[in-house]
Amino acid sequence: MAVEKDLPHTCSQGEKGQCPNEARRDFLKYSSILTAFAFMPNMAVKAADLKLEEKLVSAFEKVNVTLNINGKKRKLSIEPRTTLLDLLREQLNLTGTKKGCDYGQCGACTVHVDGQRVLSCLSLAAMQDGKKITTIEGLADGHELHPMQAAFIKHDGFQCGYCTPGQIMSAVACIREGHADSDDEIREYMSGNICRCGAYPNIVNAIKEVKNGGQKV
Amino acid sequence: MKDYFFQDSVGKPMDRVDGRQKVTGAAKYSAEYELPNMTHAVLVGSIIAKGRIKSMDTKKAENAPGVLAVLYHQNAPKVPGYVQAAHPSEPKPVGQPLRAFYDDKVYFNGQPVAVVVADTLERAMYAAHLVKVTYEEEKHATDFTKNVSKAFLPTAAQRNPKHPLNDYVRGKKDAYKTADIKIEQEYVIPTEVHNPMELQSIVAHWEANDKLTVYDKTQAVIGTQNAFAKDWDIPVENVKVIATFVGGAFGNGLHTWPHETAAIMAAKKVNRPVKLVLTREQMFTMVGYRPHAWQKVGMSATPDGKITAITHEAIGQTSSYEEFTESTLQQTRMMYTSPNVTTRYRILPLDVSTPIWMRGPGEATGAFALESALDEMAHVIGMDPLEFRMRNHTDRDPEKDLPWSTKYLKEAMQMGAERIGWSKRPNIPGTLKNGEWLVGYGMGVGTFGANRGRAKVRAVLHDDGTVVLQCATTDIGPGTGTAMVQIAAQNLGLAPEKIIFELGSSLYPPSPSQGGSATVASVGSAVHAACKALQQRLATLVADNDAGFKGATADKLTFDNGYLSLAATPAARVSFADVLKRQKLKEIEVTEESKPGDERTKYSMYSYSVHFAEVHVHPLTGQIKVAKIVSCADAGTIVNTKTAGNQMIGGAVGGIGMALTEGTVMDHRFGRYVTKDLAEYHVPVHADAPAIDVFFVNKPDLINNPNGTKGIGEIAIIGVAPAIANAVFNATGKRIRELPITPDKLI
Ligand code: FES
Ligand code: FES
């Protein structure tokens with residue numbers, strides 16, 4: 001499914017043809033058409049029979065956003081209900097960000113949005129317009145690993161590796177936030193990132209090393 | 001940590017060979033393969049625990065945008081293997097795995113009853129909610145305690161008097177009952193769920209009418225390949241199973257599950273690749289769990305600390321359609337000297353889904369009861385529990401009446417006691433304080449069979465001096481690839497950087513499933529054999545073609561760092577690469593199989609662990625903090641101290657969960673879990689995990705296999721929960737016999 005495309009230039013305001021407000025208005029408008037159908041039971045059934053809903057929805061339901069993902073600007077046309085996590089994984093093939101629960105309970109989906117750690121499963125992609133998103137794929141500087149990635153390897157801060165991207169994104173933020181001053185503080189501020197393999201002590205050691213090494217995170 | 005055996009590659013704390021892929025997001029797990037024309041499937045689960053599907057209204061879902069198919073029992077493609085399941089020549093199966101969309105029967109709440117396929121994930125999720133199912137409900141039985149009288153001896157044991165699940169009596173049956181000093185207590189563990197971080201997922205793709213490829217989360221590449229070939233009645237080689245990275249499994253990838261078949265059916269129907277990822281709720285009902293278990297231990301001892309009798313009974317939960325069993329009572333049969341031992345194992349079918357082995361299966365359940373009871377008895381006779389265990393240590397397997405292949409449990413116990421500071425343990429519970437916190441120490445022993453299976457490895461030496469090894473095993477997290485590279489480096493005489501170990505594909509030579517802590521013993525032995533065979537080939541090549549090596553045999557050559565040389569004439573030295581180049585060979589290839597021999601009839605083989613815990617308990621709130629854990633293991637040669645240590649740490653964390661936080665709660669009015677996500681089912685988080693120190697005895701068991709290894713995965717968790725429960729008793733004087741030990745049980 002092609003989601004990445006040039007957006008229609010139908011408004012004059014806004015830079016580079018973006019008109020997020022326009023897009024939102026369209027969305028509301030067509031949503032209410034659909035709602036109106038739903039309030040009329042007979043109509044709804046009929047609409048379903050004729051696959052009207054499908055036609056309407058596929059014609060109008062997309063929202064246009066521009067996201068800066070790992071330093072690359074991407075103009076996207078997306079469904080408003082798509083989460084940032086599913087956008088990354090299912091549409092942009094950035095599968096380094098993991099889905100462990102989809103409910104904001106495990107931290108596997110942690111990414112940075114404008115430098116803050118965010119659970120991408122709880123964030124609608126449509127609300128990230130104009131934001132700067134960093135995923136695990138964008139953390140290293142080319143071939144040079146980010147110090148946190150190197151420390152995770154050195155301290156064996158993982159086993160299966162599935163929670164690892166989320167742990168690393170959180171760990172970087174944890175230091176940036178100034179929440180890595182003691183083992184207990186690290187444990188507290190990393191507790192939103194579950195590691196079922198139980199590599200916790202090694203993760204704490206990796207974070208401590210980066211923190212104490214004073215490298216720029 | 002000292003390396004007792006190998007000097008070179010094996011034993012080194014080498015970084016993982018796939019570490020870079022894991023920290024950069026490049027590692028691809030099963031749901032992360034991008035295929036052209038991919039579709040998405042979402043399962044609909046039943047909302048009753050028992051009964052029949054009365055009607056299925058799929059019209060709305062079918063008409064929803066992007067929907068390609070809605071499959072259920074009446075329209076799903078037929079699975080030929082379902083029909084053949086009860087072949088007249090085969091004995092009647094003892095139940096069978098749930099057959100997806102087979103008929104209108106509902107066996108448990110959350111059973112998949114339909115699957116919706118759409119062009120996008122969002123559309124499939126939405127449409128799944130539009131499927132309307134009506135049921136004819138029957139009365140269900142899900143409450144273990146209320147139904148416990150229906151427990152029975154597993155059919156396999158009923159049919160075969162020699163089956164290990166039969167009742168076991170050594171000496172006099174139930175001898176503890178007539179003794180002067182005795183205890184008799186009941187212990188309960190609730191249903192626990194594996195909950196690996198990666199949701200169970202599969203991408204199913206029919207490449208041709210009779211050619212299936214699955215990217216599947218599994219611990220059993222070959223087992224899965226065989227199962228699907230049988231299901232779909234196609235040649236085994238037409239099924240390709242890929243499981244390069246597995247995001248944890250802990251046992252739940254040891255079975256093929258209905259969601260896998262649902263995805264394969266859907267792919268058949270829509271004739272496009274189908275991706276199916278379970279939701280976290282579905283992980284509680286569709287891919288097994290550690291079953292709820294009731295146990296009773298009776299024990300008698302002499303005043304000077306000799307156990308005279310143990311009786312250990314267990315009842316484990318299973319489903320109504322499949323008999324799941326595990327070795328809950330094994331440790332009791334062989335761990336202590338007791339002349340009289342009785343064990344009785346029963347299963348209780350309920351209207352729930354089938355359990356599956358979860359890390360330290362059975363044994364971890366059994367060890368909670370046995371090792372708690374040991375602590376209780378030590379308390380009754382007023383003896384230090386470490387001393388009590390030492391006095392009942394056995395140097396020969398009392399169950400099989402065989403010598404151990406190796407057993408260094410005493411060394412492990414001494415190591416651990418020292419490191420935790422066991423001497424600080426108060427003899428009288430509830431008397432040691434740290435500020436307002438009560439402090440206690442506890443220990444628990446674990447054991448698990450040092451298993452080894454048959455495995456095959458292909459090894460190819462290229463003319464650039466690199467070696468690629470292949471095997472269909474998986475790596476669910478322990479670092480299989482890393483360990484195999486180290487074993488190959490050791491046995492080839494080649495730097496680890498020049499070796500690649502490829503796994504997780506059915507295109508590679510077969511291995512057993514990755515379970516029962518047997519991977520390094522099984523696959524490692526095959527790697528060992530393949531490397532020796534490669535050396536043999538190299539030796540023959542130089543002996544035949546190189547004057548300086550005339551008549552040389554592998555045992556007269558030294559293989560070191562990619563070169564081979566004659567011990568007698570060191571000037572005759574040539575690199576592996578040059579041996580090939582001189583003969584204009586691009587590569588040489590060997591495939592070797594390795595399997596256990598009759599040593600298993602002469603020796604009894606087990607890995608051992610002992611775990612020590614220091615806990616702090618707040619007397620007013622009942623809050624429990626695990627302050628420290630020390631885990632020591634006798635697991636033979638340790639191939640990689642870093643990854644093996646990590647595996648032990650992970651087991652200890654799992655044990656903390658078992659002891660303090662994990663347990664499902666079911667609303668029996670509906671037979672449905674109340675705890676169905678990670679906010680309600682509490683696996684340990686960072687804040688629950690203290691510093692965990694790991695020590696290995698690290699002495700090889702060369703009777704077991706040529707690398708001297710024994711397994712680690714299970715013993716890492718077996719014995720941890722009782723160590724914590726015993727420490728809580730030592731801190732508070734309160735004995736909690738039902739896990740998890742939550743604060744409410746202490747106040
Ligand atoms: S997937 Fe987002 S928190 Fe679990
Ligand atoms: S490494 Fe497996 S969940 Fe953390």
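Lettering of chains follows the sequences in order, A, B, ..., and the numbering in each one begins at 1.
- If you measure heavy-atom distances from A/K99 to chain B, the contacts under 4.5 Å come from both the backbone and the side chain.
- Neither the backbone nor the side chain of A/A140 comes within contact range of chain B, judged by heavy atoms closer than 4.5 Å.
- No more than 12 heavy atoms of other residues, nucleotides or ligands lie within 6.0 Å of CZ in B/R419, so this atom counts as exposed by the packing criterion.
- With a 4.5 Å cut-off on non-hydrogen atoms, B/P13 does not touch chain A at all.
- Ion pair A/K154/B/D15 not flagged as a salt bridge, since none of the NZ, NE, NH1 or NH2 atoms sits closer than 4.0 Å to an Asp/Glu carboxylate oxygen.
- For the set B/E281, B/M125, B/M38, the count of heavy-atom pairs under 4.5 angstrom toward chain A peaks at B/E281.
- Interatomic distance, A/T135 OG1 to A/L92 CG, rounded to the nearest 0.5 Å: 9.5 Å.
- Contact tally against chain A (heavy-atom pairs below 4.5 Å) for B/K28, B/Q21, B/E32: the top residue is B/E32.
- With a threshold of 4.5 angstrom between heavy atoms, B/A689 approaches chain A through its backbone and through its side chain.
- For chain A, the option among B/L278, B/D475, B/L121 with the highest count of heavy-atom pairs below 4.5 Å is B/L121.
- A/R117 pairs by the salt bridge (charged side-chain N to carboxylate O under 4.0 Å, His left out) definition with A/E177, not counting sequence neighbours.
- A salt bridge links A/R187 with A/D184: at least one charged nitrogen is closer than 4.0 Å to a carboxylate oxygen.
- With respect to B/R290 and B/E192, a salt bridge is recorded, a charged nitrogen being found less than 4.0 Å from a carboxylate O.
- Using cut-offs of 30° and 60° for the angle between ring planes, the A/Y189 and A/H179 rings count as parallel.
- Between B/F284 and B/Y289, the ring center distance fails the sub-6.0 Å criterion.
- Contacts of B/L678 with chain A are made by both backbone and side-chain atoms, with heavy-atom separations under 4.5 Å.
- For chain B, the nearby part of A/I168 is the side chain; its heavy atoms alone come within less than 4.5 Å.
- At a 4.5 Å heavy-atom cutoff, the contact between B/H40 and chain A is made by side-chain atoms alone.
- Heavy atoms closer than 4.5 Å to chain B are found in the side chain of A/N202, but not in its backbone.
- B/H686 is linked by a ring pair (Phe, Tyr, Trp, His ring centres under 6.0 Å) to A/Y200, counting only residues two or more places apart in sequence or in another chain.
- If you measure heavy-atom distances from B/E34 to chain A, the contacts under 4.5 Å come from the side chain alone.
- When B/K275, B/R280, B/R16 are compared by the number of non-hydrogen pairs under 4.5 Å with chain A, B/R16 comes out ahead.
- Remark: B/E714 does not engage B/R359 in a salt bridge, criterion side-chain N to carboxylate O under 4.0 Å.
- Looking at B/V653, the atoms closer than 4.5 Å to chain A (heavy atoms on both sides) all sit in the side chain, from C-beta outward.
- Of the atoms belonging to A/Y103, it is side-chain heavy atoms, and not backbone ones, that fall under 4.5 Å from chain B.
- Contact annotation for B/T643: both backbone and side-chain heavy atoms come within less than 4.5 Å of a heavy atom of chain A.
- For a residue to count as touching a neighbouring chain, one of its non-hydrogen atoms must lie under 4.5 Å from one of that chain's; by this rule B/V683 touches chain A with backbone and side chain alike.
- Interface residue B/P684: backbone and side-chain heavy atoms are both found under 4.5 Å from chain A.
- For B/D677, the parts lying near chain A are the backbone and the side chain together; criterion is any non-hydrogen pair under 4.5 Å.
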